[in-house]
Amino acid sequence: MVCHNNIVLEKKFDRLVKRAILSRDNLRAIASRSEASRCNIEDLLIIEGIPKHEVLFCLSEYYGYPFIEYSEDVLISQNILRRLNLEQLKQSLWIPVSVTKDRAEVITHKPDDPAIVDEIKTTLKVESIDFLVAMPSDIIRIIENNQDLNPNFPPSAGRTPLAKVRTFLAERRSLLSCYRTSFAKGRTGLAFLRTGISFITIALLFLRVFNAGYLIIPEAALFITGIVMILDGLIWYIPSRKVAKRALDCSSTESTGGTTVLEVHSTGSSPFFSRSRRAEDAEKLRDGWENLSPVMRRRFLASDRTDFAEERT
């Protein structure tokens, strides 16, 4: 089976040998390495220094379909994307560019694979398919770009999911602001309570020192005012005391400088937050900031903004 696959791979990239870009022995060695490591031979060829356009010409010539490579301009209608499982398509390595009533234009890596053809027809409910061939890594990047993701980031890293997380953080901040206001009212209530006790104490002291003489009117006024302030303070304090007994889940995650993504779960009455898996090569990607496109930079900045929103909360 391995031998058969090697023969197929050699035939697919025979153009490189004919054009003296690669020797037959080197091609066989790379094909064997691809089988052993389960890596795509296209990626190994590029690592070996073969120009990407030459690899794409090989695919186009072998399958008889035009090729396409990754670009941020390859955009797919949301009407198509919303009915597809994009994470599954990353495994199957195909993505539709356009879909009509009974025909679809599809980017794929293996247009001659019957299982892939059946999957496309079943998923899109079409009879005919116009193929475009592409490298596996390019297909994955096309899908990720249409998910609004940088390479190897999880779906939660898209700017829309991050905006949802920030919305829930804002809701949490509003709740905490309500608690803070309640505690402030309780603190004011305690101040009224202390002042009322002081007024009553002063009134009783005057009554004891001067008896019920000509100061009885201010003494009575102080006494009554003190009672009113105590009652008013209790009205303010008791509700905040009940709030203070509630346990608040205010734990925060650890920010990782854009290599993981803040996610929100259980988006009902009690949402909680966690971190995604660490995105592969995210640090390396970010270190090359000057080489990133404006879209890729905005994705990193959206994640940073979400991290700051969590810290502020």
Side-chain angles (χ1 to χ4, degrees), residues 72 78 81-82 86-87 144-195 229-287 289 292-313:
E72 289 182 353
Q78 290 299 314
L81 293 179
R82 70 167 56 100
L86 298 182
E87 294 304 304
E144 288 176 333
N145 185 59
N146 280 275
Q147 289 178 289
D148 203 11
L149 301 176
N150 281 340
N152 300 315
F153 274 83
S156 56
R159 281 181 289 174
T160 299
L162 287 174
K164 185 178 79 169
V165 173
R166 290 196 297 273
T167 300
F168 278 95
L169 285 170
E171 181 184 27
R172 178 63 58 88
R173 285 197 299 276
S174 297
L175 174 64
L176 295 176
S177 296
C178 289
Y179 283 129
R180 187 171 64 245
T181 302
S182 178
F183 293 152
K185 290 176 67 176
R187 189 166 63 245
T188 303
L190 285 175
F192 270 96
L193 191 62
R194 288 194 302 271
T195 305
M229 293 185 74
I230 288 173
L231 293 175
D232 192 39
L234 289 173
I235 292 173
W236 284 49
Y237 172 70
I238 291 174
S240 66
R241 178 70 179 177
K242 293 179 180 179
V243 171
K245 292 181 178 179
R246 299 177 189 172
L248 295 179
D249 179 17
C250 294
S251 59
S252 62
T253 66
E254 183 178 351
S255 178
T256 57
T259 61
T260 63
V261 181
L262 185 63
E263 300 175 333
V264 63
H265 307 276
S266 181
T267 55
S269 58
S270 301
F272 65 94
F273 302 89
S274 68
R275 287 267 162 192
S276 71
R277 60 171 174 78
R278 186 177 290 270
E280 184 181 349
D281 293 331
E283 295 96 335
K284 182 179 178 181
L285 188 67
R286 188 157 192 154
D287 286 343
W289 183 266
L292 298 180
S293 69
V295 172
M296 296 177 73
R297 293 181 188 180
R298 285 197 296 271
R299 290 167 185 162
F300 269 120
L301 294 174
S303 182
D304 291 344
R305 189 162 64 250
T306 305
D307 290 344
F308 289 141
E310 183 192 25
E311 291 178 9
R312 187 165 68 251
T313 303

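Every heavy atom of this structure was used, including side-chain atoms; hydrogens, water molecules and symmetry mates were not. Because the structure is predicted, anything quoted here is derived from the model rather than measured.
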Residues two or more places apart in sequence or in another chain: which of them pass side chain to side chain donor-acceptor pair (under 3.5 Å) with Arg278?
-> Thr259, Glu283
Short side-chain to backbone donor-acceptor contact, Arg166 and Ala302, under 3.5 Å = yes
So, for Glu311 and Ser255, which heavy atoms are closest and what is the spacing to 0.1 Å?
-> OE2-CB, 4.2 Å
Do other residues, nucleotides or ligands put more than 12 heavy atoms under 6.0 Å from Arg187 CZ?
-> no
Measure across Phe300 and Ala282 and return the closest heavy-atom pair with its distance rounded to 0.1 Å.
-> CZ-O, 4.0 Å
Heavy-atom donor-acceptor pair, Ser240 side chain to Tyr237 backbone, under 3.5 Å = yes
Using side-chain contact (heavy atoms from CB on, under 4.5 Å) as the criterion, list what pairs up with Glu254, not counting sequence neighbours.
-> none
Check: Glu310 side chain, Thr253 main-chain N or O, donor-acceptor pair, under 3.5 Å | yes
Residues forming a salt bridge (Lys or Arg N to Asp or Glu O under 4.0 Å) with Arg286, sequence neighbours excluded = Asp304
How many angstroms lie between atom CD of Glu263 and atom CZ of Phe273, to the nearest 0.5 angstrom?
-> 11.5 Å
Can you tell me how far the CG atom of Leu262 sits from the OG atom of Ser276, to the nearest 0.5 Å?
-> 9.0 Å
Should Val261 and Val165 be marked as a side chain to side chain contact (heavy atoms under 4.5 Å, CB included) after you check the CA-CA gap, both sets of side-chain angles, and the distance that decides it?
-> CA-CA 10 Å; Val261 181; Val165 173; over 6 Å; no
Separation between NZ (Lys242) and OG (Ser182), nearest 0.5 Å, reads 11.0 Å
Are the side chain of Asn150 and the backbone N or O of Met296 linked by a donor-acceptor pair below 3.5 Å?
-> yes
Should the heavy atoms of other residues, nucleotides or ligands under 6.0 Å from CZ of Arg297 be counted, would the total exceed 12?
-> yes
With sequence neighbours excluded, residues passing salt bridge (Lys or Arg N to Asp or Glu O under 4.0 Å) with Asp307 = Arg275
Quick one: CG on Asn146 to CG on Leu86, what's the gap to the nearest 0.5 Å?
-> 8.0 Å
Pair Glu72-Ser293, side chain to side chain donor-acceptor pair (under 3.5 Å): steps then yes or no | CA-CA 9 Å; Glu72 289 182 353; Ser293 69; 2.4 Å; yes
Go through Arg299 and Asn145 one step at a time and tell me if the side chain to side chain donor-acceptor pair (under 3.5 Å) criterion holds.
-> CA-CA 11 Å; Arg299 290 167 185 162; Asn145 185 59; 2.8 Å; yes
Check whether any side-chain N or O of Thr167 sits under 3.5 Å from a backbone N or O of Ala163 as a donor-acceptor pair, and report yes or no.
-> yes
By salt bridge (Lys or Arg N to Asp or Glu O under 4.0 Å), which residues pair with Glu144, not counting sequence neighbours?
-> Arg141
Considering all heavy atoms of both residues, which atom of Arg277 and which atom of Pro154 are nearest to each other, and what is their separation?
-> NH2-N, 3.9 Å
Distance-only donor-acceptor pairs under 3.5 Å for side chains of residues 188-195, two or more places apart:
unit_1	atom_1	unit_2	atom_2	d
Thr188	OG1	Ala184	O	2.9
Thr195	OG1	Ala191	O	2.8

Between Pro151 and Leu285, which heavy-atom pair has the shortest distance, and what is it?
-> CD-CD2, 3.7 Å
Please examine the side chains of Arg305 and Arg159, heavy atoms only from C-beta on, and report whether any two atoms are closer than 4.5 Å.
-> no
So how far is it from Thr313 OG1 to Glu171 CD, rounded to the nearest 0.5 Å?
-> 11.0 Å
Quick one: pull up CZ in Phe272 and CZ in Arg172 and give me the separation to the nearest 0.5 Å.
-> 11.0 Å
